[in-house]
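Throughout, numbering of the chain's residues begins at 1 and tracks the sequence.
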Amino acid sequence: MANARNAAASKQFPEIHFVHSSDHSKSAMAKARNAAAASSSPSSSPYSSSASDGEILRSLHRLARDLSAAEAPAPFLETVFAAISRRAKLLAAVFDDLLRCGRLPRSASLCLREVLLVLQRFKGVVADCSARSRMRLLLQADEVAARVRELQHDLATLLDLLPVPELGLADDVVDLLALASRQCRRSSPAADAAEHELKASVLALIQEVEREIVPERERLEGILEEVGINDPACCSDEIETLEREIGDRVAERWTSAMIALVGLLRYAKCVLFTAATPRPVDSKIDLDDDDAEPPSPPPDFRCPISLDLMRDPVVSASGQTYDRESITRWFGSGKSTCPKTGQVLTNLEIVPNKALKNLISRWCRENGVAAMEGSEPSKPQPAPVVTANKAALEAARMTASFLVKKLSVSFSPAAANRVVHEIRQLARSGNDTRAFIGEAGAVPLLVPLLLHSSGGDADTQLNAVTALLNLSILDANKKRIMHAEGAVEALCHVMGSGGGATWRAKENAAATVLSLASVHSYRRRLGRNARVVGRVVELVRTGPSSTKKDALAALLCLSGERENVGRLVEAGAAEVAVSAIGEEETAVAVLASLAKRGGAEAIVGIDGAVVRLVAELRRGTEWSRECAAAALVLLCRRIGDAVVAQVMSVSGVEWAIWELMATGTERARRKAASLGRACRRWAAKVAAAEQTTECPTTSDVTTTAITAA
């Protein structure tokens with residue numbers, strides 16, 4: 001049974017290796033020798049057999065002090081951690097006295113090395129508990145208590161085996177050692193009973209929610225207080241930690257309960273903490289300065305390929321980190337090298353860099369950057385790792401209903417802002433939740449808030465437009481937004497609010513247009529609206545980099561409908577796209593789309609457009625080079641030799657075409673080959689014309705001779 005328990009513990013705590021205790025001194029000492037011999041590098045680790053007794057004692061003293069200062073990560077574990085701290089304080093006093101001794105007897109040295117390993121495992125349990133969510137700790141409290149009891153029993157056995165008479169310790173130190181051994185053998189049934197009662201209350205609450213019973217506020221507040229969740233920031237952190245643990249599948253047995261608890265905590269956060277001011281995620285951006293750009297991300301957060309903030313960082317076989325989309329496109333073009341180091345990769349597998357993604361997410365929240373928040377809703381969502389269960393869905397439905405009802409009766413702007421902020425956050429959590437929010441009637445209540453952009457209302461406007469963006473990911477909500485009275489005009493108001501709306505709000509309004517335009521019928525309707533087209537074009541012309549990127553994406557989507565192209569060209573879409581070449585790769589894609597559907601003449605009429613496209617063919621990203629080749633081929637076909645002549649007048653264009661044919665994506669190679677053929681045909685025509693000029697025909701010679709006679 002002990003072996004089975006330790007095997008299970010090793011799976012739960014992979015960094016902790018438990019010691020099997022024994023009542024026989026010879027077995028225990030043999031185990032100590034084996035553990036000491038099996039430890040890591042003999043020259044660098046205090047656990048090695050060659051480490052001096054002084055190093056072992058100093059490590060023991062340091063570990064005991066660390067454990068004595070350990071704080072319980074949750075109130076229901078205070079009894080367990082207090083016991084660990086008391087034992088550690090007693091041992092710290094013993095080790096402090098031993099440090100003054102000379103060389104230790106061999107049997108004592110071996111025993112203390114094993115004690116060191118046990119204390120290190122204690123520290124591992126403490127660190128593991130501190131990294132877990134409180135709710136997961138509660139669900140697994142029995143297992144944690146069992147691990148602690150087992151380690152205490154191992155420690156007590158080793159302390160009993162320690163040859164105390166040979167150490168020459170003072171009597172009071174010997175008493176401390178005996179007291180530590182006795183305490184390690186004790187258990188606390190009262191603490192276990194309290195944990196079981198709290199755990200049963202939480203599981204009962206989940207079952208009630210599953211049966212569509214709304215939890216009582218006082219009861220919910222009392223349970224969260226016992227768990228240690230007593231403010232909105234703590235509740236948000238708990239939700240994020242739980243979601244990460246669910247995604248990592250760290251506790252398969254409790255996954256269903258953890259999913260339900262995420263929904264329950266979201267409901268509790270709204271019911272208990274909505275009165276609290278939301279965290280100022282956008283406070284670092286000057287709301288009154290339209291020229292203020294979002295803060296620049298740290299270099300380590302940028303993809304080495306695209307130089308943009310990484311949305312989904314992954315690690316390649318070379319150990320370098322890239323954004324998933326960029327490195328996938330790199331490998332898809334036929335390359336098998338590391339873009340940063342040039343190293344030939346043994347395989348093309350990529351592994352998610354979850355630690356970096358968490359750091360980027362935290363930076364985005366602290367600096368008001370929306371890169372990790374569904375800013376490209378038209379792209380398909382990856383399938384969730386787990387499916388929400390009945391309790392989680394009912395909790396989400398209750399939360400959505402509560403927030404929408406509260407928004408409908410919020411007369412204070414500050415109160416409305418707090419509720420809208422929670423709706424915005426809730427709308428990020430999945431399509432089921434987005435459906436619940438939409439069904440509860442949130443869209444008609446959010447639309448009027450887009451029209452407020454002065455003073456403190458700028459925060460409300462930003463939260464409202466971002467909530468609509470997150471809701472628009474669901475097709476049913478796209479319909480609700482398009483049919484809501486004044487919704488499209490309100491989005492235009494945000495994109496054109498020169499005096500009040502922040503660039504973040506304008507950017508998210510453009511992203512909402514992009515999301516809505518992903519539906520064919522809505523794309524036509526939005527394209528017929530001159531204000532929508534004009535506002536989006538103006539954002540490309542005047543906006544900062546992140547805003548310009550979303551506005552160009554919206555233009556690209558709108559240009560996918562042929563009947564929209566004329567209005568886009570009239571509004572200046574071609575001019576702003578040409579001016580953005582080199583800054584945003586989407587600009588070249590917009591030009592290719594316009595050229596394909598009737599905008600070729602307008603593009604050619606822009607001074608320097610062809611030259612800039614050829615330059616992008618040489619120096620752009622993989623996608624922009626592909627789009628530049630496609631745009632040039634379309635212009636050559638639609639306009640003819642005049643465009644080919646401009647292409648051929650650019651120095652080095654032949655080399656750029658050949659390089660793209662050799663290294664580009666499959667589509668880029670096809671387009672480069674077509675462009676190359678067009679250039680060769682033009683060159684052949686020019687050569688033939690020159691030859692005709694230099695070599696006159698027979699009739700011309702005869703005519704000349706007659707004239708001379």
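Residues Asn230 and Leu224 have side chains not in contact (no heavy-atom distance under 4.5 Å, counting atoms from C-beta outward). In this structure the side chain of Phe122 reaches within 4.5 angstrom of the side chain of Leu119, judged on heavy atoms. Side-chain contact between Val443 and His483 is absent, with no heavy-atom pair separated by less than 4.5 Å. Side-chain contact between Arg480 and Glu439 is present, with at least one heavy-atom pair separated by less than 4.5 Å. Put simply, the side chain of Phe436 does not reach to within 4.5 Å of the side chain of Thr399, judged on heavy atoms.
More than 12 heavy atoms of other shown residues, nucleotides or ligands fall within 6.0 angstrom of atom CD in Glu489. More than 12 heavy atoms of other residues, nucleotides or ligands sit less than 6.0 Å from atom NZ of Lys199.
Distance alone, capped at 3.5 Å, is enough to place a donor-acceptor pair between the Glu245 side chain and the Ser133 backbone. Remark: side-chain polar atoms of Ser68 are paired, donor with acceptor, to backbone N or O of Arg65 under 3.5 angstrom. A donor-acceptor contact shorter than 3.5 Å is absent between the side chain of Ser472 and the backbone of Lys478. Looking only at distances, no side-chain donor or acceptor of Glu238 sits under 3.5 Å from a matching main-chain atom of Ile229. Distance alone, capped at 3.5 Å, places no donor-acceptor pair between the Ser401 side chain and the Met398 backbone. Asp248 places no side-chain N or O within donor-acceptor distance of the main-chain N or O of Val250, the cut-off being under 3.5 Å.
Remark: the Asn389 side chain and the Ser256 side chain contain an N/O donor-acceptor pair separated by less than 3.5 Å. A donor-acceptor contact closer than 3.5 angstrom links the side chains of Arg424 and Asn463. Using modelled atom types and a 3.5 Å distance limit, the side chains of Asp142 and His196 yield a donor-acceptor pair.
In this structure, Asp308 pairs ionically with Lys549, as a charged nitrogen and a carboxylate oxygen lie closer than 4.0 Å. Looking at Glu325 and Arg311, no side-chain N of the basic residue comes within less than 4.0 Å of a carboxylate O on the acidic one, giving no salt bridge.
Rounding to the nearest 0.5 Å places CD of Glu226 at 9.5 Å from CG of Leu138. Taking CZ of Phe301 as the reference point, atom CG of Leu309 lies at 8.0 Å (rounded to 0.5 Å). Between the NZ atom in Lys123 and the CG atom in Asp128 there is a gap of 14.0 Å [rounded to 0.5 Å]. In this structure, CZ in Phe81 is found 9.5 Å from CG in Leu67, a value given to the nearest 0.5 Å. Within the model, atoms CD of Glu394 and OH of Tyr267 stand 12.0 Å from one another, a figure rounded to the nearest 0.5 Å. Leu205 CG to Ile223 CD1: the interatomic distance, rounded to the nearest 0.5 Å, is 4.5 Å.
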Full working for side-chain contact (heavy atoms from CB on, under 4.5 Å) between Met495 and Val513: CA-CA 10 Å; Met495 289 189 288; Val513 171; 3.9 Å; yes
side-chain contact (heavy atoms from CB on, under 4.5 Å) assessment of Leu265 paired with Met135: CA-CA 10 Å; Leu265 285 172; Met135 286 298 185; 4.2 Å; yes
Test side-chain contact (heavy atoms from CB on, under 4.5 Å) applied to Ile481 and Val447, step by step: CA-CA 9 Å; Ile481 295 171; Val447 168; 6.0 Å; no
Worked check of side-chain contact (heavy atoms from CB on, under 4.5 Å) between Asn470 and Ile423: CA-CA 10 Å; Asn470 293 335; Ile423 292 176; over 6 Å; no
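Heavy atoms only, all atoms of each residue included: Leu516 and Tyr522 are closest at O-CB, 3.4 Å. Looking at every heavy atom in both residues, Ser518 comes nearest to Arg523 through O-NH2, 3.7 Å. Across all their heavy atoms, Val126 and Ala70 have their closest contact at CG1-CB, 3.9 Å. Between Arg132 and Thr241 the shortest heavy-atom distance is C-CG2, 4.2 Å. In terms of heavy atoms, Ala260 sits closest to Ile206 at CB-CG2, 3.7 Å. Residues Val465 and Ala505 approach most closely at CG1-O, 3.8 Å, considering heavy atoms.
Checked options Ile437, Asp432, Asn431; the residue passing with Arg434 is Asn431 (criterion: side chain to side chain contact (heavy atoms under 4.5 Å, CB included)). Each of Asn508, Leu526, Thr512 was compared with Leu491 under the side chain to side chain contact (heavy atoms under 4.5 Å, CB included) criterion, and only Thr512 meets it. The one candidate from Leu449, Leu451, Val494 that meets the side chain to side chain contact (heavy atoms under 4.5 Å, CB included) condition with Gln461 is Val494.
Sorted by first and then second residue, the salt bridge (Lys or Arg N to Asp or Glu O under 4.0 Å) pairs involving residues 204-220 (not counting sequence neighbours) are Glu208-Arg219, Glu212-Lys390.
For Asp323, there are no side-chain hydrogen bond (donor to acceptor under 3.5 Å, both in side chains) partners, not counting sequence neighbours. For Ser429, the side-chain contact (heavy atoms from CB on, under 4.5 Å) partners are Arg266, Leu426, Thr433, not counting sequence neighbours.
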